[in-house]
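Reviewing the structure listed below.
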Amino acid sequence: MQDDYSTMLAALAREEQELQFTAFSHGDALALGLLLVERARAMGKAVTVDITRNGHQLFHHAMAGATPDNANWVRRKNNVVQRYGRSSWHVGTQYRSKGKTFEADSGADPADFAAHGGAFPLSLRGTGVVGTVTVSGLPQAEDHALVTSVLREYLAGQP
């Protein structure tokens, strides 16, 4: 089991290194946000998508069928990325790999922090984490996979 966690944590760390931008504009936020919404729609899923840079919300959309709870999950997941500089799925997995839970063992208030998949660091090469790209509305592994697959696709199309 520990080997599974080690493999997963290594893969999550690689994603965070690979899925970085050289620059990120308001236009990128719009294009990326719309791509996430369209991908969820194609899957027949309802999610809330949020993209924030330096505390400035550049994109936010709640699809029909998403709930106000999804916005709260976005906020709490984003807080994890902002505090730890890692994806919310990565942070939660780190705790699980030690036989612990984020909620019980991190000291962070669960009303403000959720180490559940779906929030990914918006990182600039040479700068570091400057924000978040977040999805809420699916099971946490699927939230994470949606964000990372769309980021991978978006970055592959960048010059």
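Judged purely by atom type and a 3.5 angstrom limit, Thr52 has no side-chain atom pairing as donor or acceptor with the backbone of Gly55. Side-chain atoms of Asp143 come within 3.5 Å of backbone N or O of Leu138 as a donor-acceptor pair. Judged by distance alone, with hydrogens and angles left aside, the side-chain atoms of Arg76 form no donor-acceptor pair with the main-chain N or O of Ala115 at under 3.5 Å.
Note that OG of Ser88 is 8.0 Å distant from NE2 of His144, once rounded to the nearest 0.5 Å. In this structure, the separation between CG on Leu36 and CZ on Arg41 is 12.0 Å, given to the nearest 0.5 Å. Rounded to the nearest 0.5 angstrom, Leu19 CG and Leu122 CG are separated by 11.0 Å. Between the CG atom in Leu155 and the OG1 atom in Thr148 there is a gap of 11.5 Å [rounded to 0.5 Å]. In this structure, the separation between OG on Ser136 and CZ on Arg75 is 12.0 Å, given to the nearest 0.5 Å. Atom NZ of Lys98 is separated from atom OH of Tyr5 by 12.5 Å, given to the nearest 0.5 angstrom.
Residues Leu151 and Val37 fall within the same hydrophobic cluster, defined by Ile, Leu, Val, Met, Phe, Trp and Tyr side chains chained together at heavy-atom separations under 4.5 Å. Put simply, Leu146 and Met63 are part of the same group of oily side chains (I, L, V, M, F, W, Y) that touch within less than 4.5 Å, one to the next. Tracing side-chain contacts under 4.5 Å through hydrophobic residues (I, L, V, M, F, W, Y), one never reaches Val80 starting from Phe120; they form parts of separate clusters. Both Leu35 and Val49 belong to a common hydrophobic cluster when Ile, Leu, Val, Met, Phe, Trp and Tyr are linked at side-chain heavy-atom distances under 4.5 angstrom. A continuous path of hydrophobic side-chain contacts links Val147 to Val130 [ILVMFWY only; heavy atoms under 4.5 Å].
Of all the heavy atoms in Asp112 and Asn79, the pair that sits closest is O-ND2, 2.6 Å. Between Ser25 and Arg53, the shortest heavy-atom contact is CA-NH1, 3.8 Å. Across all their heavy atoms, Phe102 and Ala108 have their closest contact at CZ-CB, 3.9 Å. Counting all heavy atoms, side chain and backbone alike, Gly131 lies closest to Val81 at O-CG1, 4.2 Å. Listed here is the closest heavy atom pair of Arg125 and Glu18: NH2-O, 3.2 Å. Shortest non-hydrogen contact noted between Pro121 and Gly85 is CG-O, 4.3 Å.
With 3.5 Å as the limit, one finds no donor-acceptor pair spanning the side chains of Thr7 and Asp4. Between the side chains of Thr134 and Asn78, a donor-acceptor pair is found at a separation under 3.5 Å. Looking only at atom types and distance, the side chain of Thr48 has no donor-acceptor partner in the side chain of Asp50 under 3.5 Å away. Side-chain atoms of Ser149 and Arg152 form no donor-acceptor pair, as typed in the model, at a separation below 3.5 Å. For the residue pair Thr132/Gln82, the side-chain donor-acceptor check at 3.5 Å is not satisfied.
Using the six-membered ring where Trp is involved, Phe21 and Tyr154 have ring planes that are tilted, between 30° and 60° apart.
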I'd like to know whether Ser106 forms a side chain to side chain contact (heavy atoms under 4.5 Å, CB included) with Tyr95, so could you lay out the CA-CA distance, the side-chain angles of the two residues, the decisive distance to 0.1 Å, and finally the verdict. CA-CA 8 Å; Ser106 69; Tyr95 277 87; 3.4 Å; yes
Between Ile51 and Leu32, does a side chain to side chain contact (heavy atoms under 4.5 Å, CB included) hold up when you go through it step by step? CA-CA 9 Å; Ile51 301 174; Leu32 181 59; 4.0 Å; yes
Should Asn70 and Val47 be marked as a side chain to side chain contact (heavy atoms under 4.5 Å, CB included) after you check the CA-CA gap, both sets of side-chain angles, and the distance that decides it? CA-CA 8 Å; Asn70 294 124; Val47 299; over 6 Å; no
Go through the steps for Glu16 and Ser87 under the test side chain to side chain contact (heavy atoms under 4.5 Å, CB included), then give the verdict. CA-CA 8 Å; Glu16 291 166 359; Ser87 74; 3.3 Å; yes
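A ring-centre distance under 6.0 Å is found for His116 and Trp73.
When side chains are defined from C-beta on, Trp89 does not count as touching Glu15, because their heavy atoms never get closer than 4.5 Å.
Among residue pairs with one or both ends in residues 46-66, those qualifying as ring pair (Phe, Tyr, Trp, His ring centres under 6.0 Å) are His26-His56; sequence neighbours excluded.
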